[in-house]
2 protein chains.
Amino acid sequence: MNDRGNAAKSQWVKTLAHGGPLRCGTVVTPLNNCMNAMDTASFKLDDRLPRYHQLRDDLLSRIAAGEWTPTQAIATEAELGQFYNVSTGTVRKAIDLLVADGVLTRSQGRGTFIRRPRFDSSLFRFFRFKSRDGQPVRPTARVLKREIVKPSAEIRAALKMKATEKAIHLSRVRLIEGQAVLSEEIWLPRARFEPLATLPLDDFEDLLYPLYERLCRQIVASATEILRVEQATPDDASVLGLATGSPVILVHRVASDFAGTPFEWRSTRGAATTFQYQVEIR
Amino acid sequence: MNDRGNAAKSQWVKTLAHGGPLRCGTVVTPLNNCMNAMDTASFKLDDRLPRYHQLRDDLLSRIAAGEWTPTQAIATEAELGQFYNVSTGTVRKAIDLLVADGVLTRSQGRGTFIRRPRFDSSLFRFFRFKSRDGQPVRPTARVLKREIVKPSAEIRAALKMKATEKAIHLSRVRLIEGQAVLSEEIWLPRARFEPLATLPLDDFEDLLYPLYERLCRQIVASATEILRVEQATPDDASVLGLATGSPVILVHRVASDFAGTPFEWRSTRGAATTFQYQVEIR
DNA sequence: CAGTGGTCTAGACCACGGT
DNA sequence: CCGTGGTCTAGACCACTGC
């Protein structure tokens, strides 16, 4: 049996000319196999946009609604073409857009999948960490502190939180061979991350995003990072083993879900001497 | 009259099935209107690649050979389809690749054009410059020194220069309201940039790339930049008006032509306090 | 108004992955 | 072996640009 949903084969609204509205049939079974039925009422698309663009937007909202998981193939091109009553070429173009946005990846012979952003080594993008023998290494992590607090106005604004809402604040260090190389402050809206409010600190893993996904069903879809250079405060200095006032790179990240809603605020500090960044300009 | 070349309408090598080799007809007039005729011998394409990929590669080599200028539309999709004996869909896909690479831009109703990379504000990408009243400003530039020298081994390697070849070395400062904010060292292979070896220093403009294009017919197609943090040397400090040892951002750039051949090596230093960089991760 | 790229269709066949 | 996405075709019509 297939791991996909079966596209409905019921009534289709016929649309012919270019520029006509994008419609989909009334749905008997949804496009996936794990959600309840949705009807056409959920579409509020701008008819002035090309069909493939409307299709892209609708697919994205389905993805944001959790209609498919990253391990599951989304509906096939043929199914989508039937469902939306457009040709497969138009479906391909819509999917192309989402692939270009980093939302989907195609896999020939297997299907099309939701893609997580490659934070692979977000750290390696900025910091060159090597062990004593010169091999690149991924730092381990330790959560030093967790508190449930009212966030500052800045963080509340960045995370679009209500005035009364509380946040989970984590203080973390990342270590290489026992030596702290990065210090991190993380803020999460409590409502979305309740399981992390009580998780024993020792159960936090080196990578938080898999934890978000497993325990809180929150998938990071994209993030914005801003880099600056600062001088080490006495606190930074003692955590990172630097001289007070020595240059420190500050990486400031806001991570969002597929709907574009920000749900993690994070700042990372590391010695500027370990910093390097490469950009291609075209 | 059209600003394009007229595609030849002579013999076409017929290729039918997918995977067949990409061929073009023997050329009577070339694809543009400013170069001499080229024949099919100039194609050494890998038949294992999809046609649109071979087409992309051939177009890129034509662009690198200067077959079109950035102000001129390249051959139309229909012409290219006829010339290479492929459907316009395949041409579109090849052009899509080059657009994604930043090599071409399309303009509906006008044509498809060679695109220069947007260094718009390469500086603004990294440094936040503001005048006294808080408005963002573009620094002016002054060339302090020019010498014709044997480049260091590092620079010779980066620019793939022959052992005997000489380089033009420029030392520049960039100023805001008379205050030096960036110091730059630039190396160029002399052979490609002969006109700059004798140009009076006062005739150098704030932006060098338009100068490269106008005087030396060298178009920057792409560049790689590497950022690091250093401490100001006494020289840096006196040029930039900083304290010796204060943090400085070093931006190290190698710029290349459309064929991927590097032809400019540049390092830029500025106070780390004016630095900021933003990245989107997907 | 002619010519460009942009959108869209309805197919065909190929290459790959898993059963 | 079947089903997936990948390549490619040969059109049609639309939207924009510039003469």
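Letters A, B, ... mirror the listed sequences (proteins, then strands); counts begin at 1.
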Provide, to the nearest angstrom, the distance between the [atom1] atom belonging to [X] and the [atom2] atom belonging to [N].
| X | N | atom1 | atom2 | value |
| --- | --- | --- | --- | --- |
| B:Arg110 | C:dG6 | CZ | P | 12 Å |
| B:Gln108 | C:dC8 | CD | P | 12 Å |
| B:His53 | D:dC8 | NE2 | C1' | 16 Å |
| B:Leu49 | D:dT7 | CG | P | 10 Å |
| A:Gln82 | C:dG11 | CD | P | 12 Å |
| A:Gln54 | C:dC8 | CD | C1' | 13 Å |
| A:Tyr84 | C:dA10 | OH | C1' | 21 Å |
| A:Glu77 | C:dT9 | CD | C1' | 15 Å |

With a 4.0 Å limit, can you tell me whether [X] has a side-chain N or O closer than that to the phosphate oxygens OP1/OP2 of [N]?
| X | N | value |
| --- | --- | --- |
| B:Thr112 | C:dG5 | yes |
| B:Arg51 | D:dT7 | no |
| A:Thr90 | C:dT9 | yes |
| B:Tyr52 | D:dT7 | yes |
| A:Arg92 | C:dC8 | no |
| A:Arg106 | D:dG6 | yes |
| A:Lys93 | C:dT7 | yes |

Any side-chain donor near an acceptor of the partner, B:Tyr212 and B:Glu264, under 3.5 Å: yes
Modelled atom types, side-chain donor and acceptor of A:Asp58 and A:Tyr84, under 3.5 Å: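 On atom types as modelled, these side chains qualify, holding a pair under 3.5 Å.
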Donor-acceptor contact below 3.5 Å, side chain A:Asp101 vs main chain A:Val103: no
5' priority, DNA chain C, between A:Ser107 and A:Ser87 [closest heavy atom]: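 Result of the comparison: A:Ser87.
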Sole residue of A:Thr90, A:Thr112, A:Thr88, A:Ile95 in side-chain contact (heavy atoms from CB on, under 4.5 Å) with A:Leu80: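 Passing option: A:Ile95.
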A:Arg217, CZ atom: more than 12 neighbouring heavy atoms under 6.0 Å: no
